[in-house]
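Notes for the one structure printed next.
Quick note on labels: first sequence line is chain A, next is B, and so on, each numbered from 1.
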There are 2 protein chains.
Amino acid sequence: MTQAFDLNMKKRPGQGRSRATVEAVLEATAQLLAETGYGALTTNHIAERAGVSIGSVYQYFPGKEAVVAQVVERVVDDVLADFSTGLLAGPTDNRRIAAVVYDAIDRRAALVRALTYEIPFLRDLPAIANLRGRLLLLASQIYMRTLAEKPFTHPHVASFILTAMVRSAVLDSILNPLPGMTREQAIDTLAEIIARIAGPG
Amino acid sequence: MTQAFDLNMKKRPGQGRSRATVEAVLEATAQLLAETGYGALTTNHIAERAGVSIGSVYQYFPGKEAVVAQVVERVVDDVLADFSTGLLAGPTDNRRIAAVVYDAIDRRAALVRALTYEIPFLRDLPAIANLRGRLLLLASQIYMRTLAEKPFTHPHVASFILTAMVRSAVLDSILNPLPGMTREQAIDTLAEIIARIAGPG
DNA sequence: ATTGTATATGAGCAATTATTCACATCTACT
DNA sequence: AGTAGATGTGAATAATTGCTCATATACAAT
């Protein structure tokens, strides 16, 4: 069940119009994924939404999956950028961390939903492995000291599961929220949970 | 984006062969989902694997989605049954809870993966709402006392997020594990995390 | 202007898929 | 045995979709 597609672009877009074409295709794909999901995504729809002919799509991408893979790559980059700027904007207390993660996902919730829950080859994409690795590293750095004081039996397993927990919990809270739950409540609670696991701060 | 399919069976299977036919269709669908995923699932494949004609499938199900919905319902029932028996089989300490949840998902990992990550209308199914409600209730009952001693600011939000966390973390640990991580390590760590959040016991 | 290259077009092909329906077969009951 | 209703069959259909390719247009360089 490993992905068996060619996900590389056929042609690096040279200089002029081609850049714009590729841009339009990626933007259209992101829009359609957010609006109608992966199941309804067709290459012809992508071309139509992008205001580009179907032939042009295949000039730069070997297939539908390759376009989606590029969109995933962009979203991952954007999310990681949001994390960086958000965490640099002030002291990294638990509440800020919860808020930054929450907002980064909330800002592009529809797209993230489609990518997370509907793309069968998602976990085979290098961008996703990259994302997971980065998050793991980030969490380790932030909580290194506090977790050294209250160590787990299997520290690296704990880092892994905790990262998965926060990521999944935030995702789930946004995509399938408890009715009536507000952003503030979610962030408060996430911060409190983190405090219990890793200590205050 | 609410599901717009008819998910009810056309005919309640009467008595004899029809029961077996429906059974074979559901079993074949579960097998195919586990083996090849939702994307490769076709009604003709279902019929073939079930050893039944395509016409028979449509005699009892209005469409592919309805078959999948029934499979989901069964898996949910099975998982909940595993929880019940597992938690009744001894004292409900943190480690047992972690182990029961872990094993219930691990036992049918491939099928759960396909259902969780590939079915776009999953969250619209009543069975899933039911599952979430039951889990929430279960968690509340188990941790009522301990969480009353160390209360959260928003108790019902906390129950919701904690349930989501455990569910997602277990799912993620099984479906996308840290290389080299064993079942024991995962369960140990989950138990320790639960203990930190909700107290020992 | 002219020539060569890069880019864009979109009708159409081949393959796949969900679904139907006219017909066969089985089972139960008299 | 005869009959009626339930159940099973699978070739055929209509729709969709990924993708190609022959052709057209834009651009750059001389």
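In this structure, N44(B) atom CG and dT17(C) atom C1' are separated by 7 Å, rounded to whole Å. We find that CZ of F61(A) is positioned 20 Å from P of dT17(D), with the value rounded to whole Å. Rounded to a whole Å, the NE2 atom of H45(B) is 15 Å from the P atom of dT19(C). Straight-line distance from the CD atom of E48(A) to the C1' atom of dG18(D): 16 Å, rounded to whole Å. At whole-Å resolution of the value, CD1 in I54(A) and C1' in dC19(D) are 7 Å apart. Rounded to whole Å, atom P of dA24(D) lies 16 Å from atom CD of Q59(A). Taking atom CZ of R19(B) as the reference point, atom P of dG8(D) lies 12 Å away to the nearest angstrom. Summarising the geometry, the separation between NZ on K64(A) and C1' on dT17(D) is reported as 8 Å, rounded to the nearest angstrom.
Using a 4.5 Å heavy-atom threshold, the side chains of R183(A) and D103(A) count as touching.
Proximity of Y58(A) to the phosphate of dG10(C): no side-chain N or O atom is located under 4.0 Å from OP1 or OP2. OP1 or OP2 of dA18(C) sits under 4.0 Å from a side-chain N or O of T43(B). Regarding contacts with the backbone of dG8(D), a side-chain N or O of T21(B) is found under 4.0 angstrom from either OP1 or OP2. Side-chain N/O atoms of T42(A) include none lying less than 4.0 angstrom from OP1 or OP2 on dT17(D). At the phosphate of dG10(C), neither OP1 nor OP2 sits under 4.0 Å from any side-chain N or O atom of S53(A). Contact check, S56(A) against dT7(C): no side-chain N or O comes under 4.0 Å of OP1 or OP2.
Of all heavy-atom pairs between L175(A) and A109(A), the closest is CD2-O, 3.6 Å.
Of the charged side-chain nitrogens involved, at least one lies within less than 4.0 Å of a carboxylate oxygen, so that R95(A) and E184(A) count as a salt-bridged pair. A salt bridge does not link D78(B) with R107(B): none of the charged nitrogens is closer than 4.0 Å to a carboxylate oxygen.
When heavy atoms are screened at a 4.0 angstrom cut-off, V52(A) is found touching the sugar-phosphate backbone but no base atom. Across all strands, I46(A) comes closer than 4.0 Å to no nucleic acid atom at all (heavy-atom distances).
A donor-acceptor distance shorter than 3.5 angstrom exists from the side chain of T146(B) to the backbone of A198(B), with no hydrogens or angles considered.
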